[in-house]
Structure formats: structure tokens, C-alpha cells
Amino acid sequence: PSSRSFQVAPGERLLDVLDDHPELGMPLGCRSANCGTCRVRVLSGAEALLPADEWEASILDLHAAGSDERLGCQLRFKADVSVPAVTLDRMP
């Protein structure tokens, strides 16, 4: 919702970006993929993200998340990103 842009390093977690920008107000409950409070919807650029690991996928399943949803605390960016931007939106 803030329409902010950030540069991220290969392999960096969205959680680390959010730690550097608390003004974004992203809820980060447990920070370890247990609670699901940091769910985001990937609006574009999904190909620039590493796939969800087994643990993240299991938590997303518990929350009946859509295929375009990820956990912000677990989401990592690929090293070989050819996509100029990833667009995310917080889940309500």
C-alpha cells in the first residue's frame, strides 16, 4: 500500500528489508513461519522469488492461502533476477 521501492540483494529475505523499514507497518508476529501474520500476495514478479520451502508451504496450507500468497518472513529473492520489480500487497 505504500508504493515504496527497495533494492534487494540476491538471497535477501523480505523480513530483512522490513526490519530496515518499520514505517511500512508490516505485521511480523513470530518471524519464523508459524503464525501467518506476515502473509503477502505476490501481484507481479513471482519469477524473481525463490519457491516456498516445505515449512512455509505447510503454514500457507493451514491458512488456505492462494497460490499467489507467501509469508513475508520466509520470502527470499533469487540471485539471478531478471525481473525489474516484485510487487507485493499485504493480506487483510
From R39 atom CZ to I59 atom CD1, the distance as rounded to the nearest 0.5 Å: 11.5 Å
Nearest 0.5 Å, please: how far is CZ in R41 from OG in S67? 9.5 Å
Salt bridge (charged side-chain N to carboxylate O under 4.0 Å, His left out) partners of E54, counting only residues at least two apart: none
So which heavy atom on C73 is nearest to which on C38, and how close? N-SG, 3.3 Å
Tell me the closest heavy-atom pair linking A65 and E69, and the distance in Å. CB-OE1, 3.3 Å
Any chain of hydrophobic side-chain contacts (each under 4.5 Å) joining L71 to V40? no
Who are the side-chain contact (heavy atoms from CB on, under 4.5 Å) partners of S32, not counting sequence neighbours? C30, N34
With the 4.5 Å side-chain cut-off for hydrophobic clustering, are L60 and L49 part of the same group? no
If the condition is salt bridge (charged side-chain N to carboxylate O under 4.0 Å, His left out), which residues does E56 pass it with, not counting sequence neighbours? R70
Shortest non-hydrogen contact between P22 and D19, atoms and distance: CD-O, 3.7 Å
From R76 atom CZ to L14 atom CG, the distance as rounded to the nearest 0.5 Å: 11.0 Å
I want to check something: taking the side chain as every heavy atom from C-beta on, are L50 and F77 in contact at a cut-off of under 4.5 Å? no
Once you round to the nearest 0.5 Å, how far does CG of D68 lie from CG of L43? 7.5 Å
